[in-house]
There are 2 protein chains.
Amino acid sequence: MNKTISDIAQMAGVAKSTVSRFLNGGSVSENTRQKIEQIIKQYNYVPNTFAQSLKAKKTSIIGTVVPRLDSFATSQTLIGIDEELRNNQYQMLIANTSQDMKREIDGIYDFARQKVSGIILLAAEVTEAHLKAIEEIGIPVLLVGQQHPNIHSLVHNDDQAGYEMGKYIVQQGHRNIVYMGVTERDQAVGIHRKQGFKRAIAECGECQVTYHETSFKMSEAVATAEAIVRDRKATIIVGATDNIALGVMKTAFSNKIRIPQELSVTGFGGYDITEMIHPTLTTVKFHYLQAGKLAADHIIRLVQGGVVEKQTVLDVEIIPRESVDKL
Amino acid sequence: MNKTISDIAQMAGVAKSTVSRFLNGGSVSENTRQKIEQIIKQYNYVPNTFAQSLKAKKTSIIGTVVPRLDSFATSQTLIGIDEELRNNQYQMLIANTSQDMKREIDGIYDFARQKVSGIILLAAEVTEAHLKAIEEIGIPVLLVGQQHPNIHSLVHNDDQAGYEMGKYIVQQGHRNIVYMGVTERDQAVGIHRKQGFKRAIAECGECQVTYHETSFKMSEAVATAEAIVRDRKATIIVGATDNIALGVMKTAFSNKIRIPQELSVTGFGGYDITEMIHPTLTTVKFHYLQAGKLAADHIIRLVQGGVVEKQTVLDVEIIPRESVDKL
DNA sequence: CTGAAAGCGCTTACAG
DNA sequence: CTGAAAGCGCTTACAG
């Protein structure tokens with residue numbers, strides 16, 4: 001059976017308030033200190049966190065809501081968050097929503113009920129329901145990967161990513177381009193990334209781009225790419241994410257189309273796998289790990305009542321590799 | 001400010017015990033039910049989980065200790081666990097240890113302190129320290145991916161996986177084989193998987209196998225493969241995991257060695273990516289998602305005092321694809 | 001069906 | 001430096 005603070009106090013021959021004081025670094029005489037320490041060690045006593053939290057009315061837990069667990073972006077970001085949180089004696093609680101928007105909202109409320117100190121939200125979309133929930137719970141919330149004027153946000157520079165990729169492929173001589181994007185409900189990827197790309201293309205003058213929409217799933221990208229690839233009009237397909245690019249490559253392989261000789265392909269994300277495959281994929285690297293750490297820093301600061309810039313934008317980095325042919 | 005049960009009771013004109021009874025599905029008169037319901041709705045009241053747990057002395061939280069977050073196996077398993085837990089009104093708490101054994105042990109104790117109802121342990125290795133921790137905390141623990149006679153375990157049939165892969169490549173005509181494995185401290189992968197493989201080879205008679213050790217990291221596998229690949233003696237390299245196989249393929253690509261014409265490659269795991277790349281990778285599929293769900297089922301049953309078979313072994317499935325040449 | 005009271009394990013002023 | 005007491009928000013017998 002687990003010992004309580006009263007048991008310890010009794011065995012040490014002191015009052016529980018004294019034990020509590022000892023536990024929380026208050027001043028205790030050398031003599032009692034030793035007695036208490038000894039008993040605690042002997043019985044392997046650990047304070048009950050519920051009782052502590054009940055008094056303190058707060059926890060050192062940060063809740064993180066993620067749309068999915070099986071994504072490079074998510075896991076890297078989580079690793080960053082976890083590491084930094086741990087360095088600051090905070091704990092990370094994860095709620096996976098499996099892309100279910102309703103569960104995302106539920107997750108926010110659940111976290112609030114559990115009295116987490118702050119919430120990091122890796123959402124794909126920010127709806128009215130999100131805003132309402134965030135306001136209602138009265139707990140600091142940090143948005144990662146998406147931005148919203150009313151909420152503290154941390155984003156990758158998607159516009160820059162799109163722009164640099166656009167510039168790069170134009171510079172490599174591509175003029176007939178297909179862009180495989182995602183729904184505009186995802187502002188970061190669906191809108192900003194594409195917008196940056198469009199800006200680069202606009203500066204080109206003689207470029208032809210066709211825009212297609214697909215989902216974040218590789219399998220769906222494979223299907224969407226099928227018709228495009230067969231068409232053979234474009235010299236390059238720009239996937240809005242590495243997964244989409246991977247899907248496009250798959251389709252090219254099955255159709256015996258050589259990359260990059262017959263078709264160039266690019267992605268966004270900088271997933272590890274993109275440099276393991278053949279040909280290696282030209283992509284834009286996002287600093288997920290760093291984003292995670294920064295997110296943790298920011299939420300901690302917010303929790304502690306500190307001030308954090310409302311919007312933080314992280315730089316990205318284009319990585320030219322083998323999947324793009326120079327025309 | 002958050003309302004407490006006393007506030008609600010007062011506003012509804014009843015005692016807090018009545019509100020509590022209502023909350024926990026006890027019998028209340030229709031009249032008071034309505035009053036309470038109304039007030040609760042109006043003030044958006046949610047019970048304080050700490051106070052609840054403090055009384056109940058338990059939570060509906062299952063802690064999961066994982067060695068890493070950025071692995072297909074881990075994320076799939078976690079998704080399975082999370083889904084099943086959620087279906088049973090349990091919550092999943094994740095502790096990532098980044099392959100740090102000490103943090104693994106700490107994680108177990110931390111969870112105990114937080115009074116989780118049960119712990120699922122995705123360990124790579126079971127040491128004395130693990131055993132000691134598990135015994136000390138007195139909370140149900142389920143081991144996933146590794147097995148130990150003293151602990152409830154859920155494993156993939158690694159022996160079978162190794163055996164079937166061995167049989168398959170022999171049957172495809174391979175006789176000069178390299179097996180790239182991992183440390184034997186990882187019993188499942190380092191020992192059982194290899195053992196099954198050896199058994200198949202032993203039945204072959206005329207087969208030559210060289211065993212090499214590498215780590216779970218793709219980058220390290222790339223390095224380890226370098227010398228082996230240049231050597232050109234083997235017709236096939238069997239990677240003990242898909243990541244190792246991916247590393248081998250990478251090395252082959254950089255050395256302009258064609259797969260499978262000049263070198264066949266296989267892996268274990270059945271990661272999604274293995275069917276997206278070119279050539280597609282022959283591998284053994286592990287049912288991670290199912291393992292996760294089953295793990296959740298088992299731990300819940302253990303928590304509720306039910307009985308669970310000590311050792312559960314999940315079938316695996318070989319998936320022949322393009323990366324193996326028929327000689 | 002309903003309420004008063006005790007208690008879960010801790011912390012925090014307040015005296016001494 | 002130390003202890004008695006109140007209280008955090010809830011649940012649970014026990015009476016009525």
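Chain identifiers are assigned alphabetically (A, B, ...) following the order of the sequence lines, protein sequences preceding nucleic acid strands; residue numbering begins at 1 within each chain.
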Closest non-hydrogen contact found for A:Leu154 with A:Ala295 is CD2-N, 3.5 Å

Hits for salt bridge (Lys or Arg N to Asp or Glu O under 4.0 Å) against A:Glu125, two or more places apart or cross-chain, chain-then-number order -> none

Sorted by number, the residues of residues 33-41 of chain B with heavy-atom contact under 4.0 Å to DNA chain D:
none

Close side-chain approach of A:Val28 and A:Val14, heavy atoms under 4.5 Å:
no

Residue list, side-chain contact (heavy atoms from CB on, under 4.5 Å) with B:Ser60, at least two apart or on another chain
B:Tyr90

With pairs taken as Watson-Crick or G-U wobble and both distances under 3.5 angstrom, which stems of at least three consecutive pairs involve DNA chain D?
C:1-3 with D:14-16, C:5-12 with D:5-12, C:14-16 with D:1-3

On the nucleotide D:dG9, are OP1 or OP2 found under 4.0 Å from the side-chain N or O atoms that B:Ser6 carries?
no

Rounding to an integer number of Å, can you tell me how far A:Asn48 CG sits from C:dC10 C1'?
8 Å

Residue pairs meeting salt bridge (charged side-chain N to carboxylate O under 4.0 Å, His left out), one or both in residues 26-48 of chain B, sequence neighbours left out, come to B:Glu30-B:Arg33, B:Arg33-B:Glu37

Contact check, side chains of B:Asp297 and B:Glu84, non-hydrogen atoms, under 4.5 Å:
yes

According to the interplanar angle, ranging from 0 to 90°, do the rings of B:Phe50 and A:Phe50 count as parallel (below 30°), tilted (30 to 60°) or perpendicular (above 60°)?
tilted

Check every strand shown and say whether A:Thr32 touches a base, only sugar-phosphate, or nothing at a heavy-atom separation below 4.0 Å.
sugar-phosphate

NA contact type, B:Phe22, heavy-atom cut-off 4.0 Å: base, sugar-phosphate, or nothing?
nothing

Closer than 4.0 Å, any side-chain N/O of B:Thr4 to the OP1 or OP2 of D:dC8?
no

Using a cut-off of less than 4.0 Å, is there contact between a side-chain N or O of B:Tyr45 and OP1 or OP2 of D:dC10?
yes

Provide, to the nearest angstrom, the distance between the CG atom belonging to A:Asp7 and the C1' atom belonging to C:dC10.
13 Å

Under a 3.5 Å distance rule, please check whether B:Ser98 uses its side chain to pair with a backbone N or O of B:Asp100 as donor and acceptor.
no

Output the rounded distance in Å from CG (B:Asn31) to P (C:dG3).
12 Å

Figure out the CD/P separation between B:Glu30 and C:dT2, and round it to whole Å.
11 Å

Do the side chain of A:Asp82 and the main chain of A:Leu78 share a donor and acceptor less than 3.5 angstrom apart?
no

Is any side-chain heavy atom of A:Phe286 closer than 4.5 Å to one of A:Leu314?
no

Qualifying residue for side-chain contact (heavy atoms from CB on, under 4.5 Å) with B:His130, from B:Ile151, B:Leu143, B:Ile105, B:Val141
B:Ile105

CG (B:Asp7) and CD1 (B:Ile40) are apart, to the nearest 0.5 Å, by 12.0 Å

Can you check each nucleotide of nucleotides 11-16 of chain D against protein heavy atoms at under 4.0 Å and return B for base, S for sugar-phosphate only, - for none, in 5' to 3' order?
BB----

Separation of C:dG7 P from A:Leu54 CG (nearest whole Å)
17 Å

To the nearest Å, give me how far apart CD1 (B:Ile8) and P (D:dG9) are.
12 Å

Between C:dT2, D:dG3, D:dC1, which nucleotide has the shortest distance from any of its atoms to the side chain of A:Val14?
D:dG3

